[in-house]
Asks: 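Dumping the structure here so I can ask a few things about it.
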Amino acid sequence: SAGTADKWGRAAGRFLRLASSALRLTILSCFAAAYADTLLGATGYKMAGDAPKMRIVVNFDREPDVKWFLLRGPNRLVIDLPRTRFALDAKDVKPRGLVRAVRYGDQGHGSRLILTGKGPFAVDKLDVLKNDDGGGYRIAIDMSAASEREFDEALAKLAGGGPQPS
């Protein structure tokens with residue numbers, strides 16, 4: 001009868017809409033998984049030292065493309081990274097020594113790690129190194145307490161296009 005055919009038609013339409021939605025969801029989750037795989041992974045963070053000298057090491061799953069600069073008011077080291085998935089333990093990024101605050105996150109077009117100093121500091125060395133076990137890379141940052149004048153000189157050198165010390 002016409003009523004039964006109409007019921008079957010509505011049921012078939014609902015089924016097709018549901019199947020279409022499920023297919024779209026599956027495709028989107030595949031793209032999301034592929035996108036997550038393209039993010040750089042920050043897998044560990046260690047900070048050692050005291051007020052005069054610090055070493056900070058950030059581990060990554062592959063080689064990061066790093067650019068860094070200094071800012072003042074307060075004195076900060078800003079490290080720009082490709083889009084990064086930060087999987088860092090909160091207790092590891094707890095500030096100490098020369099470092100008053102550690103912040104990190106996504107900027108939309110890339111990611112950023114910001115280390116705020118308790119006062120002026122010098123970036124003695126910032127290297128990207130391959131891990132000894134062959135699994136990933138790390139950024140090793142050596143910082144030391146400095147005078148306002150030394151911080152300002154480093155800031156001016158970097159702002160003037162001078163080379164970033166390594």
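Computation of the quantities below employed the complete heavy-atom set of this structure, encompassing side-chain atoms and omitting hydrogens, waters and symmetry-equivalent molecules.
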Asks: Check this for me: does any side-chain nitrogen of one of Arg149 and Glu153 sit under 4.0 Å from a carboxylate oxygen of the other?
Replies: yes

Asks: What I want to find out is whether Asp142 reaches Arg55 closely enough, with some N-O distance under 4.0 Å, to be called a salt bridge.
Replies: yes

Asks: Below 4.5 Å, heavy atoms only, C-beta onward: do Tyr45 and Ile56 meet side chain to side chain?
Replies: yes

Asks: Side chain to side chain contact (heavy atoms under 4.5 Å, CB included) with Trp68: which of Val78, Leu81, Leu115, Val123?
Replies: Val123

Asks: Roughly how far apart are Gln107 CD and Arg83 CZ, rounded to 0.5 Å?
Replies: 10.0 Å

Asks: Give a yes or no answer on whether the side chain of Asp133 reaches the backbone of Gly135 with a donor-acceptor pair at less than 3.5 Å.
Replies: yes

Asks: Between Thr43 (side chain) and Gly41 (backbone), is there a donor-acceptor pair under 3.5 Å?
Replies: no

Asks: Any idea which heavy atoms bring Leu98 and Ala51 closest together, and the distance?
Replies: CD2-O, 2.8 Å

Asks: Can you see which heavy atom on Leu39 is nearest to which on Asp61, and at what distance?
Replies: O-OD2, 4.3 Å

Asks: Are there over 12 heavy-atom neighbours, none belonging to Arg96, within less than 6.0 Å of that residue's CZ?
Replies: yes

Asks: Taking Asp152 first and then Arg72, would you say they form a salt bridge - that is, a charged N and a carboxylate O separated by under 4.0 Å?
Replies: yes

Asks: So, are Asp124 and Lys53 salt-bridged, with charged N and O less than 4.0 Å apart?
Replies: yes

Asks: Find out whether Asn75 and Leu155 are in side-chain contact, i.e. whether some heavy atom of one side chain is under 4.5 Å from a heavy atom of the other.
Replies: no

Asks: Report yes if the side chains of Val99 and Thr116 come closer than 4.5 Å at any heavy-atom pair, otherwise no.
Replies: no

Asks: Rounded to the nearest 0.5 Å, what separation is found between the NZ atom of Lys94 and the CG atom of Asp89?
Replies: 12.0 Å

Asks: Taking Arg76 for its side chain and Pro74 for its backbone only, find out whether a donor-acceptor pair lies under 3.5 Å.
Replies: yes

Asks: Indicate yes or no: at least one non-hydrogen side-chain atom of Asp127 is less than 4.5 angstrom from one of Ile139.
Replies: no

Asks: Under 4.5 Å between side-chain heavy atoms, hopping through other hydrophobics if needed: is there a path connecting Leu71 to Ile114?
Replies: yes

Asks: I need the Met54 CE to Ser144 OG distance, nearest 0.5 Å.
Replies: 11.5 Å

Asks: What orientation do Tyr104 and Phe86 show, parallel under 30°, tilted 30 to 60°, or perpendicular over 60°?
Replies: tilted

Asks: Do Arg112 and Asp80 pass the salt bridge (charged side-chain N to carboxylate O under 4.0 Å, His left out) test, and can you show the C-alpha distance, the side-chain angles, and the key distance before you say yes or no?
Replies: CA-CA 5 Å; Arg112 188 168 269 185; Asp80 283 334; 2.6 Å; yes

Asks: Contact between Leu126 and Val66 at the side-chain level, heavy atoms closer than 4.5 Å - yes or no?
Replies: yes

Asks: For the residue pair Gly117 and Arg100, what are the closest heavy atoms and their distance?
Replies: O-NE, 3.7 Å

Asks: I'd like to check Phe121 versus Leu70 (side-chain heavy atoms, cut-off strictly below 4.5 Å). Are they in contact?
Replies: yes

Asks: How close do Lys130 and Arg138 get, heavy atom to heavy atom, and via which atoms?
Replies: O-NH1, 3.1 Å

Asks: When you look at Thr84 and Asp106, which way does the side-chain contact (heavy atoms from CB on, under 4.5 Å) test go after all the steps?
Replies: CA-CA 7 Å; Thr84 302; Asp106 186 51; over 6 Å; no

Asks: At their closest point, which heavy atom of Val128 faces which heavy atom of Glu63, and how far apart are they?
Replies: CG1-CG, 4.1 Å

Asks: Taking all non-hydrogen atoms of both residues, which atom of Leu129 and which atom of Ala140 are closest, and how far apart?
Replies: CD1-CB, 4.1 Å

Asks: Under 4.0 Å between a Lys/Arg side-chain N and an Asp/Glu carboxylate O for Lys46 and Asp92?
Replies: no

Asks: Quick one: are Val58 and Ile79 in side-chain contact, heavy atoms under 4.5 Å?
Replies: no

